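All values reported here derive from a predicted model rather than from experimental measurement.
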Amino acid sequence: AHLPQNTKYTVIGYEIFYNCENLKEIEIPEYVTRIESESFYDCVELQEIKFNPYVTVIGDLAFYNCNIEELRLPKKCDSLGSNAFGQCEQLKSVFINKKLTNTSGGLWDYEGPFWKCSLLNNVVFESGITEIPASIFAGCTGIQDIEIPDTITVISDYAFQDCVNLKKIEFPSALKKIGQSAFENASLLKDIVWNDGIEEIESNAFKGCMSIETMNIPDSVNSLGTYV
C-alpha cells in the first residue's frame with residue numbers, strides 16, 4: 001500500500017486498514033509519528049512493515065494477527081500499546097529500541113505488545129537501553145533464554161510473565177530493580193545468575209517459578225516484596 005508523503009499526514013487512523021486480508025506490505029510515510037489502535041488489525045497477509053524512524057506511538061492492537069516474521073521498532077518509538085503486535089504467530093525476531101518505555105495498554109495492561117507471539121525467540125536490544133518495559137514479553141511462550149544488556153537497571157512489572165519456556169536468566173551488574181510479577185509463571189526457569197548490585201525485588205517477581213530449587217538472593221537487596 002502507498003500512503004501520501006504529506007507534512008499534514010501525521011497519523012494513521014483508527015481501524016483504517018482493519019481486516020484488509022490481502023495487504024502484504026506497508027511503508028509508513030516519513031511524516032507519520034503515530035499509528036492508532038487497530039490500524040492494521042487482522043491484516044493476515046501483512047508480511048513487511050517499513051517504519052520511518054520518527055514513529056513514536058503504536059497503539060493497542062495496531063498490527064494484531066499480522067503475518068510478519070521480523071520486526072525492527074523505529075528509533076524514536078517510546079510507546080507500544082497492548083497487543084500492538086499480539087497474536088503475530090509467525091513473528092520470530094524483534095529489535096527493541098532504547099527509547100521504548102511505555103508498554104501499558106489502555107484496556108489490557110496485563111497483555112503486552114507481543115502477547116501470544118508464540119514463535120518469538122530472538123530478541124535484540126539497542127545499545128544503551130536502561131529499562132525493560134512493563135509487560136513487554138508477557139505471554140511470549142517461545143522465549144527460552146534472553147541476554148539482558150549490561151546497561152539495564154530496571155526489569156519492569158510483568159516483563160516476562162507467562163514466559164513458560166524461559167529456562168535461564170543472567171542479571172547484569174547494573175540491575176537495581178526487578179518489578180512486580182516480572183517472571184511470574186515462568187515455570188521452567190531454573191538457572192538464575194545474580195549480581196551483587198540489585199537492591200529491590202517486588203511482590204510476586206518469581207511467583208509460580210516451580211523449577212527454581214534454590215534462591216540465593218544477594219545481600220545488596222534492601223527491599224523484598226511479598227510472595228517473591
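The salt bridge (Lys or Arg N to Asp or Glu O under 4.0 Å) test applied to E202 returns K177, not counting sequence neighbours. With sequence neighbours excluded, the residues satisfying side-chain contact (heavy atoms from CB on, under 4.5 Å) with K207 are E184, N204. In this structure, the side-chain hydrogen bond (donor to acceptor under 3.5 Å, both in side chains) partners of N185, at least two apart in sequence or on a different chain, are D162. Every residue meeting the side-chain hydrogen bond (donor to acceptor under 3.5 Å, both in side chains) condition with S93, not counting sequence neighbours, appears here in chain and number order: N122. Under the side-chain hydrogen bond (donor to acceptor under 3.5 Å, both in side chains) criterion, K190 pairs with no residue, sequence neighbours left out. Here K116 pairs with Q87 under the side-chain contact (heavy atoms from CB on, under 4.5 Å) rule; sequence neighbours left out. Applying the ring pair (Phe, Tyr, Trp, His ring centres under 6.0 Å) criterion to F114, with sequence neighbours excluded, gives F85. Applying the side-chain hydrogen bond (donor to acceptor under 3.5 Å, both in side chains) test to S203 and every residue at least two apart in sequence or in another chain returns T226. E15 pairs by the side-chain contact (heavy atoms from CB on, under 4.5 Å) definition with Y18, E38, not counting sequence neighbours. For E200, the salt bridge (Lys or Arg N to Asp or Glu O under 4.0 Å) test picks out no residue, with sequence neighbours left out.
N52 places a side-chain N or O within donor-acceptor distance of the main-chain N or O of P29, the cut-off being under 3.5 Å. Under the 3.5 Å distance criterion, the side-chain polar atoms of N97 are matched with a main-chain donor or acceptor of K75. Counting only distance, with no hydrogens or angles, the side chain of S211 and the backbone of S187 share a donor-acceptor pair below 3.5 Å. Not one N or O on the side chain of T56 forms a donor-acceptor pair closer than 3.5 Å with the backbone of K76. Judged by distance alone, the side chain of S220 and the main-chain N or O of E199 form no donor-acceptor pair under 3.5 Å. S156 places a side-chain N or O within 3.5 Å of a backbone atom of I132 that can act as its donor or acceptor partner. Remark: side-chain polar atoms of T10 are not paired, donor with acceptor, to backbone N or O of V32 under 3.5 angstrom. In terms of modelled atom types and a separation under 3.5 Å, the side chain of E126 and the main chain of K98 share a donor-acceptor contact. Under the 3.5 Å distance criterion, the side-chain polar atoms of S39 are left unmatched by any main-chain donor or acceptor of I16.
Other residues, nucleotides and ligands contribute at most 12 non-hydrogen atoms within 6.0 Å of the CG atom of D150.
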Full working for salt bridge (Lys or Arg N to Asp or Glu O under 4.0 Å) between R34 and E36: CA-CA 6 Å; R34 185 180 185 94; E36 294 286 7; 3.1 Å; yes
side-chain contact (heavy atoms from CB on, under 4.5 Å) assessment of K50 paired with E48: CA-CA 7 Å; K50 296 178 180 178; E48 185 176 3; 2.9 Å; yes
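Note: F63 and F51 have perpendicular aromatic rings, judged against thresholds of 30 and 60 degrees for the angle between ring planes. Using cut-offs of 30° and 60° for the angle between ring planes, the F125 and F137 rings count as perpendicular.
Side-chain contact check for T153 and E131: no donor-acceptor pair (N or O, by modelled atom type) lies under 3.5 Å.
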Give every donor-acceptor pair under 3.5 Å between a side-chain atom in residues 165-175 and any protein atom, sequence neighbours left out.
unit_1: N165; atom_1: ND2; unit_2: T141; atom_2: O; d: 2.7

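Here CD1 of I148 is found 10.0 Å from OG1 of T151. Values are rounded to the nearest 0.5 Å. Interatomic distance, F40 CZ to L46 CG, rounded to the nearest 0.5 Å: 7.0 Å.
Taking the centre of each ring, Y64 and Y41 come in below the 6.0 Å mark.
Closest approach of I212 to I192, counting heavy atoms only: CD1-CD1, 3.6 Å. Closest of all the heavy-atom pairs between E89 and L119 is O-CD1, 3.2 Å. Closest heavy-atom contact between D78 and L100: C-CD1, 3.7 Å. Heavy atoms only, all atoms of each residue included: C88 and N65 are closest at SG-N, 4.1 Å.
Other cluster members for V124: F95, joined by side-chain heavy-atom distances under 4.5 Å among Ile, Leu, Val, Met, Phe, Trp and Tyr.
Here the side chains of N83 and D60 are not in contact, with every heavy-atom distance at 4.5 Å or above. Looking only at side-chain heavy atoms (C-beta outward), V57 and S79 come within less than 4.5 Å of each other.
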